[in-house]
Amino acid sequence: MPLHERDIHYFIDVTLAHLNKVTGNEIVLRDPTIEFQSLVFSAYTGLLHLKGGAEGFVYLTASQQFLQYLYNSRQSPSRITEENCRDVIADITGAIAHTLHKRFAPTLHISEPRIFSTVPDDPIEMPPAVFVQPLVWRKEHAYFVLGLASAETS
């Protein structure tokens, strides 16, 4: 059975709750879109694959400057490195995975976070429609992306 609409909203609620905790509720949501032909990627991405009652993925992709702001909000300000960017996106994706696992296990298997820069080397299979929620913090962008199909159609 596919995920109920309230469960789908839970994915973005978890992501926003975590980011708002780090940023002091300063994340601004832009109008969401539905993509039918391509996926959006930024400088760094944390991806979770989903299997079970629904198949697909959820990921957060962000600019380096967005991650720099997140990094500096948790540490004393310093210049961010690629390693720090990967650590920040991995921490966020891991926290999201943990919260989703608590809610949906055992009906939905959530993979370990996969972290990459720019576009992944191996293609991600795109469901018929993908939800994209743009996020803005300090004029920098990130995108929450959710692509799901029922297990019967994937």
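Every value quoted in this text rests on a predicted model; they were computed, and no experiment measured them.
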Donor-acceptor pairs are to be reported for all side-chain atoms of residues 9-20 against protein atoms at under 3.5 Å, with residues two or more places apart or in another chain.
from: His9; atom 1: NE2; to: Glu5; atom 2: OE2; distance (Å): 3.4
from: Thr15; atom 1: OG1; to: Phe11; atom 2: O; distance (Å): 3.1
from: Asn20; atom 1: ND2; to: Leu16; atom 2: O; distance (Å): 3.2

Show the atom names and distances, to 0.1 Å, of all donor-acceptor pairs under 3.5 Å that link a side chain in residues 126-143 to residues at least two apart or in another chain.
from: Gln133; atom 1: NE2; to: Arg30; atom 2: O; distance (Å): 2.6
from: Trp137; atom 1: NE1; to: Glu26; atom 2: OE1; distance (Å): 2.8
from: Glu140; atom 1: OE1; to: Ser63; atom 2: OG; distance (Å): 3.2

Return a table of donor-acceptor pairs under 3.5 angstrom between the side chains of residues 83-96 and protein atoms on other chains or two or more places apart.
from: Asn84; atom 1: ND2; to: Tyr71; atom 2: OH; distance (Å): 3.4
from: Asn84; atom 1: ND2; to: Thr81; atom 2: OG1; distance (Å): 3.4
from: Arg86; atom 1: NH1; to: Ser117; atom 2: OG; distance (Å): 3.2
from: Arg86; atom 1: NH2; to: Ile115; atom 2: O; distance (Å): 3.2
from: Asp91; atom 1: OD2; to: Arg74; atom 2: NH1; distance (Å): 3.4
from: Asp91; atom 1: OD2; to: Arg74; atom 2: NH2; distance (Å): 3.2
from: Thr93; atom 1: OG1; to: Ile89; atom 2: O; distance (Å): 2.7

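Evaluation of the side-chain hydrogen bond (donor to acceptor under 3.5 Å, both in side chains) test over residues 41-53, restricted to residues two or more places apart or in two chains, returns Thr45-Thr61. Among residue pairs with one or both ends in residues 31-49, none qualify as salt bridge (Lys or Arg N to Asp or Glu O under 4.0 Å); sequence neighbours excluded.
Cluster membership for Val28 and Leu70, using ILVMFWY side-chain heavy atoms within less than 4.5 angstrom, is not shared.
Looking at residues two or more places apart in sequence or on another chain, you find a side chain to side chain contact (heavy atoms under 4.5 Å, CB included) between His98 and Lys102. Qualifying ring-ring contact (aromatic ring centres under 6.0 Å, His included) partners for Tyr59, counting only residues two or more places apart in sequence or in other chains: Phe41, Phe57.
The distance from the NE2 atom of His101 to the CG atom of Leu48 is 12.5 Å, given to the nearest 0.5 Å.
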* To do: Go through the steps to decide whether Val145 and Val58 satisfy the test side-chain contact (heavy atoms from CB on, under 4.5 Å), and finish with yes or no.
  => CA-CA 6 Å; Val145 181; Val58 59; over 6 Å; no
